[in-house]
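Predicted model, so just to flag it, every value in this text is computed and none were measured.
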Amino acid sequence: MSCFSMGTVYLLRLLHLFTGISVLQQTRSWKIVLPSTVTAVEGTCVVVRCQTEPYSRVTWYQYHDIYYPVVYDGVYPSTVEHQFRGRTKLLGEPAEGNCTLRIDDMRPTDNNIKVYVWVNPGTKTNQKFYQQTVTILVERKAPSITILKQIVAGEIFQVKCSIKYSCPFSPPSLHWSIRPALENSTSIAFIEEEQGQWLYTATMEGLGTYKMHNTTIRCSAQFKIFTAESQQITLSVLYKPVTVTLILKEELVTEGGSIIMECAANCNPQAHMYSWLRRQMGHIKKINSTQNNMSFSNITRNTSLSCIAHNAIGVGQSKWLDLDVQYAPVILPEPSCYVAGEILRCICQAEASPNASISWTIDGNNTLPSSFESRYINKKNVVSGEIGGPAKSQTNVSCTAWNSRGRDTKYLSIRNLSKTSHLPMWLSASAFMLLGIGLLFGCAIFICRKHSTNRPQSSLNNVQQEQRYSSLQRSQYEDRQLSPHRLENNPDNDGLSCIYDNDFVENPQRPTRAHECKNNATALQMEGNNQLLAQVQ
Ligand SMILES: *[C@@H]1O[C@H](CO)[C@@H](O)[C@H](O)[C@H]1NC(C)=O
Ligand SMILES: *[C@@H]1O[C@H](CO)[C@@H](O)[C@H](O)[C@H]1NC(C)=O
Ligand SMILES: *[C@@H]1O[C@H](CO)[C@@H](O)[C@H](O)[C@H]1NC(C)=O
Ligand SMILES: *[C@@H]1O[C@H](CO)[C@@H](O)[C@H](O)[C@H]1NC(C)=O
Ligand SMILES: *[C@@H]1O[C@H](CO)[C@@H](O)[C@H](O)[C@H]1NC(C)=O
Ligand SMILES: *[C@@H]1O[C@H](CO)[C@@H](O)[C@H](O)[C@H]1NC(C)=O
Ligand SMILES: *[C@@H]1O[C@H](CO)[C@@H](O)[C@H](O)[C@H]1NC(C)=O
Ligand SMILES: *[C@@H]1O[C@H](CO)[C@@H](O)[C@H](O)[C@H]1NC(C)=O
Ligand SMILES: *[C@@H]1O[C@H](CO)[C@@H](O)[C@H](O)[C@H]1NC(C)=O
Ligand SMILES: *[C@@H]1O[C@H](CO)[C@@H](O)[C@H](O)[C@H]1NC(C)=O
Ligand SMILES: *[C@@H]1O[C@H](CO)[C@@H](O)[C@H](O)[C@H]1NC(C)=O
C-alpha cells in the first residue's frame with residue numbers, strides 16, 4: 001500500500017467523503033476492514049467484526065469530539081469507561097490480524113454510539129484511526145408468533161415463535177404461554193444465521209383439539225436482563241359439533257299444541273344445516289333445515305325429539321328429549337261401586353298429566369262423610385282412587401278427575417253383592433259343599449297350585465268380594481300409597497282367580513289356607529257356583 005502516491009490517497013479520501021463508504025478504508029500504515037454499522041439486539045451481545053494486519057495490541061475507543069473514552073483495553077482494563085467495563089472482549093487472534101470486538105449486554109444507552117479501533121497504540125503513527133468508525137444501533141426485538149396453517153381438531157398443528165438476536169454466544173430462551181395449557185404438545189427449536197444476525201425459532205406441535213378453540217397463545221423471549229413478549233393470538237380451531245343440545249322454548253307442552261325447539265351446537269364453523277327428528281310411537285320423521293330453531297305442532301304424548309347439526313367438519317346429534325306433554329284427565333273404563341256386607345266401595349282410575357286429583361260426589365254431596373275412608377295410588381300418570389264406608393242408601397256416586405288441563409266426571413253404578421249375607425248356617429254349609437264340589441271339578445281339569453295366604457276375614461261374601469276386587473284392580477296394588485285412613489278390609493291377593501277356604505265358618509280370625517288356580521277358566525267355574533248359590537237361596 002505504501003506504493004500509493006499522495007495523490008491516490010487524497011483521491012480515495014475524497015471518494016469516501018462523497019460516498020460515505022468506509023468499509024475498505026485505506027490508511028497510511030494499517031488497512032482496517034470494519035462495517036460502518038452494526039445492529040445490536042437489546043439484551044444480548046454484539047460482535048463488531050474487524051480485520052487488519054497482524055498486530056501486537058489493539059484498543060477500542062468510543063468516538064467523541066473532545067476526548068477518548070476507552071471501550072476496550074486488554075492491557076489497562078481500569079482505563080475502560082465505566083459504561084463498558086467488564087462488557088467488552090477481544091475475540092480475534094492478533095497473529096491473524098483479527099481485531100473483532102464483542103460488547104455484552106447491549107442496552108438502550110448504547111444506541112448510536114460510534115467506536116473505532118487503534119492498532120498498536122503507543123507506536124508512532126500519523127494514522128487518524130478515529131476517522132473510521134462503526135455505528136452501533138440497538139434495537140429491542142419482540143418474538144414473532146405465527147400459526148402455520150388453520151388448526152383442525154384431530155389434525156397436527158404447528159405454532160412457530162422466532163426471535164432475532166445479534167450475539168451467537170448467548171441466545172435468549174423462548175417460552176410459551178398458553179391458557180389453558182395444551183395437552184401433549186412438543187416444542188423444538190433451531191437457530192439459523194441471517195445477514196449477520198441470528199434467528200432463534202421454536203416450533204410447538206401437537207394434536208389439535210376442540211378445547212383449544214378460543215384459547216390464547218403467546219411466546220416470550222427471555223434475555224439476560226429483560227423478557228420480550230410476542231403479540232397474543234387467539235386460536236381458531238375448526239371442529240365438528242361436539243355437544244348438541246335441544247332447548248325447549250316453552251314452559252308448558254300441551255297435547256295438540258305446538259312448540260318451538262332450538263338446537264344449540266358447539267362447533268366451528270357454525271352449523272349450516274340441522275336435521276330435526278321427531279319420534280312418535282316408535283316412528284321417526286326427519287326434517288332438514290338451515291335454521292337452528294324449529295316449530296312442531298300437533299304435539300302428542302310420548303313424543304321425543306332430537307336434532308343433528310352439520311358443519312363443514314362433521315355432524316353431531318343431541319340426546320333424545322322426551323317431551324313432558326300435559327293433557328286433561330280421562331277416566332278409564334269401568335269405574336264401579338259395589339256393596340259388600342255393610343261396606344260400600346268405589347274405585348275410579350284416571351290417566352292424566354300432570355297427575356290427576358280425584359274427588360267424589362255421593363248423592364249430590366261432594367264432601368265425603370267422616371265415616372268414609374279413601375286412598376289414592378299414582379302410577380305413571382294413572383291415578384287410582386278408592387273410597388270405602390258404611391253402606392246406607394246411597395244411589396248416585398260420581399268420580400271426578402281433574403288437573404290443570406281439565407276434568408272428567410263419570411257416574412258409577414252401584415252393585416249390591418250382599419244377596420247371601422243373611423243365609424242361615426245350614427244353607428251356607430250346603431252352599432259351601434256345592435262350591436267345593438264345583439271347585440274340585442274345575443281344578444281337576446286345570447293345573448292347580450297351592451300356596452298359603454293370610455286371610456283377615458272369612459265369609460262367602462268375602463270370597464265373592466275378593467274375586468271382584470282382584471279382577472278389577474289387579475295391577476293397582478303394585479305401587480300403593482295409603483292415605484291416612486287405612487282401609488280395614490284390604491285384599492292383598494294379587495292375581496287371584498279362584499279361592500276357597502277350608503274353615504272360614506268355624507274360625508274367621510285364624511289364618512287359613514287358600515287354594516288358588518291361576519286360570520280364568522276356573523274363575524268361570526267359580527262364577528257358575530255362585531250362580532248356583534243364588535239359586536239355592
Ligand atoms: C475473527 O474472529 C471472530 C471471532 O473469533 C471470528 O468469528 C471471525 O470469523 C474471524 N475473522 C476471520 C476473518 O477469520
Ligand atoms: C396425551 O397423552 C396421554 C398419554 O400419552 C394420553 O393418554 C392422552 O390421551 C393424550 N391426550 C391427548 C389430548 O392427546
Ligand atoms: C371466546 O372467548 C371470548 C372471551 O373469552 C368469549 O367472549 C367468546 O364468547 C368465546 N367464543 C367462543 C366461541 O367460545
Ligand atoms: C337431510 O340431509 C341429510 C344429510 O345431508 C340427507 O342425507 C337427507 O336425505 C336429507 N333429508 C331430507 C328429508 O331432505
Ligand atoms: C328462528 O329464529 C329466527 C331468527 O332467530 C327467526 O327469524 C325465526 O322466526 C325463528 N323461527 C321459528 C320457527 O321460531
Ligand atoms: C294436526 O292434526 C290434525 C288432525 O290429525 C290435522 O288435520 C292437521 O293438519 C295437523 N296439523 C298440522 C300442522 O300438522
Ligand atoms: C307411551 O310410551 C310408553 C312406553 O314408553 C307406553 O307404555 C305407553 O303406552 C305409551 N302411551 C301412549 C299413549 O302411547
Ligand atoms: C254433605 O256431607 C257432609 C258429611 O257427611 C255433611 O256434613 C254435609 O252436611 C252434607 N251436605 C249436604 C248439603 O247434605
Ligand atoms: C305423578 O305420579 C308419579 C307416580 O307416582 C310420580 O312419580 C310423579 O312424581 C307424579 N307427578 C307429579 C307431578 O306429582
Ligand atoms: C245422578 O245425579 C246426576 C246429577 O246429579 C243425574 O244427572 C243422574 O241422572 C243421577 N243418576 C242416577 C242414577 O240417579
Ligand atoms: C243389598 O242387598 C241386601 C240383601 O238383599 C240388602 O239387605 C241391602 O239393603 C242391600 N244394600 C243396598 C245398599 O242396596
If you measure only the distance, is there a donor-acceptor pair under 3.5 Å linking the side chains of Asn266 and Tyr239? yes
Working to the nearest 0.5 Å, report the span between CD1 of Ile156 and NZ of Lys149. 8.5 Å
N/O donor-acceptor pair under 3.5 Å between Ser353 side chain and Val325 backbone: yes
Side-chain contact, heavy-atom cut-off 4.5 Å: Leu235 with Ile151? yes
Taking Ser289 for its side chain and Gln291 for its backbone only, find out whether a donor-acceptor pair lies under 3.5 Å. yes
Set out, in order, the CA-CA distance, both residues' side-chain angles and the distance that settles side-chain contact (heavy atoms from CB on, under 4.5 Å) for Ile247 and Met261, then state yes or no. CA-CA 6 Å; Ile247 301 158; Met261 302 294 304; over 6 Å; no
If we ignore angles and hydrogens, is there a donor and acceptor under 3.5 Å between the side chains of Gln270 and Asn292? no
Without hydrogens or angle criteria, can the side chains of Thr203 and Gln158 be said to hold a donor-acceptor pair below 3.5 Å? no
Can a donor-acceptor pair be found between the side chains of His175 and Ser173 at a distance below 3.5 Å? yes
How close do Lys164 and Gln197 get, heavy atom to heavy atom, and via which atoms? CD-OE1, 3.8 Å
Thr400 versus Thr409, side-chain donor and acceptor atoms under 3.5 Å: yes
Here the gap from Lys114 atom NZ to Asn112 atom CG, rounded to the nearest 0.5 Å, amounts to 6.5 Å
Run the salt-bridge test on Asp110 and Arg87 with the 4.0 Å N-O cut-off and return the result as yes or no. yes
Heavy atoms, side chains only, cut-off 4.5 Å: are Val71 and Leu101 in contact? yes
Closest approach of Cys307 to Leu246 (non-hydrogen atoms, all atoms of both residues): SG-CD2, 3.9 Å
I want to check something: taking the side chain as every heavy atom from C-beta on, are Tyr327 and Asn381 in contact at a cut-off of under 4.5 Å? yes
Spacing of SG belonging to Cys50 relative to CH2 belonging to Trp60, to within rounding of 0.5 Å: 4.5 Å
What class does the angle between the rings of Tyr63 and Tyr130 fall in, given that below 30° is parallel, 30 to 60° is tilted and above 60° is perpendicular? tilted
Can you establish whether the number of heavy atoms outside Phe296 located under 6.0 Å from its atom CZ is more than 12? yes
With a 4.5 Å limit on heavy-atom distance, are the side chains of Tyr200 and Glu192 in contact? no
Under the criterion side-chain hydrogen bond (donor to acceptor under 3.5 Å, both in side chains), I'd like the reasoning laid out for Gln349 against Ser384: C-alpha separation, chi angles, the key distance, then a yes or no. CA-CA 4 Å; Gln349 282 185 302; Ser384 302; 3.0 Å; yes
Working note: Met294 + Ile287, criterion side-chain contact (heavy atoms from CB on, under 4.5 Å); need CA distance, chi angles, decisive distance, verdict. CA-CA 10 Å; Met294 175 62 77; Ile287 311 162; 4.0 Å; yes
Do we see a donor-acceptor contact under 3.5 Å between the side chains of Thr290 and His272? no
Beyond-backbone contact of Leu91 with Val47, side-chain heavy atoms, under 4.5 angstrom: yes
Is a donor on one side and an acceptor on the other found under 3.5 Å between the side chain of Asn311 and the backbone of Pro269? yes
Just so I know, are the side chains of Asn214 and Thr234 near enough to count as touching, which here means a heavy-atom distance under 4.5 Å? yes
Considering all heavy atoms of both residues, which atom of Gln127 and which atom of Ile32 are nearest to each other, and what is their separation? NE2-CD1, 4.3 Å
Looking at Thr52 and Lys31, would you say the former's side chain and the latter's main chain have a donor-acceptor pair under 3.5 Å? yes
Over all heavy atoms of both residues, which pair between Leu277 and Ile284 is shortest? Give the atoms and the distance, please. CB-CG2, 4.2 Å
Side chains of Trp176 and Ser187 only: does a donor on one sit below 3.5 Å from an acceptor on the other? yes
Tell me yes or no: between the side chains of Arg278 and Gln280, is some donor less than 3.5 Å from an acceptor? yes
Stepwise, does the side-chain contact (heavy atoms from CB on, under 4.5 Å) test hold for Ile145 with Gln231? CA-CA 7 Å; Ile145 185 167; Gln231 66 175 133; 4.0 Å; yes
For a side chain to side chain contact (heavy atoms under 4.5 Å, CB included) with Tyr72, tell me which candidate from Leu90, Val80, Thr79, Thr59 qualifies. Leu90
Is the count of non-hydrogen atoms from other residues, nucleotides or ligands lying under 6.0 Å from Lys240 atom NZ greater than 12? no
Polar side-chain atom of Asp104 near backbone of Cys45 as donor-acceptor pair, under 3.5 Å: no
What's the shortest heavy-atom distance between Ile299 and Ser258, and which atoms? CG1-CA, 4.3 Å
How long is the gap from CG on Asp408 to CD1 on Ile331, to the nearest 0.5 Å? 4.5 Å
In the structure I gave you, are the side-chain heavy atoms of Leu305 and Arg279 within less than 4.5 Å of one another anywhere? no
Walk me through it: do His213 and Tyr210 pass the test ring-ring contact (aromatic ring centres under 6.0 Å, His included)? CA-CA 5 Å; His213 181 62; Tyr210 79 91; 9.5 Å; no
Measure the spacing between OG of Ser374 and CD1 of Ile387 and express it to the nearest 0.5 Å. 8.0 Å
Taking the basic N atoms (NZ, or NE/NH1/NH2) and the acidic carboxylate oxygens, is any pair closer than 4.0 Å for Glu351 and Arg301? yes
Between Lys249 and Glu262 (salt bridge meaning N to carboxylate O under 4.0 Å), is one present in this structure? yes
Sub-3.5 Å donor-acceptor pair from the side chain of Gln51 to the main-chain atoms of Gly97, do we have one? yes
So, do Asn111 and Ile136 sit near enough that their side-chain heavy atoms are less than 4.5 Å apart? no
With distance as the sole criterion, is a donor-acceptor pair present between the side chains of Ser166 and Thr44 under 3.5 Å? yes
How far apart are the closest heavy atoms of Ile358 and Tyr376, and which atoms are they? O-OH, 3.6 Å
Using side-chain contact (heavy atoms from CB on, under 4.5 Å), reason through Leu199 and Ile191 one step at a time and then give a plain yes or no. CA-CA 6 Å; Leu199 187 68; Ile191 293 170; over 6 Å; no
Using the ring of each side chain (for Trp, its six-membered ring), is Trp118 parallel, tilted or perpendicular to Tyr61, with breaks at 30° and 60°? tilted
Do we see a donor-acceptor contact under 3.5 Å between the side chains of Ser318 and Ser306? yes
Could you check whether Asp73 pairs with Arg57 (Lys NZ or Arg NE/NH1/NH2 to Asp/Glu carboxylate O, under 4.0 Å)? yes
So, taking the atom named CG in Leu323 and the one named CG in Leu248, what distance separates them when rounded to the nearest 0.5 Å? 6.5 Å
Tell me if the NZ atom of Lys410 is crowded by more than 12 foreign heavy atoms within 6.0 Å. yes
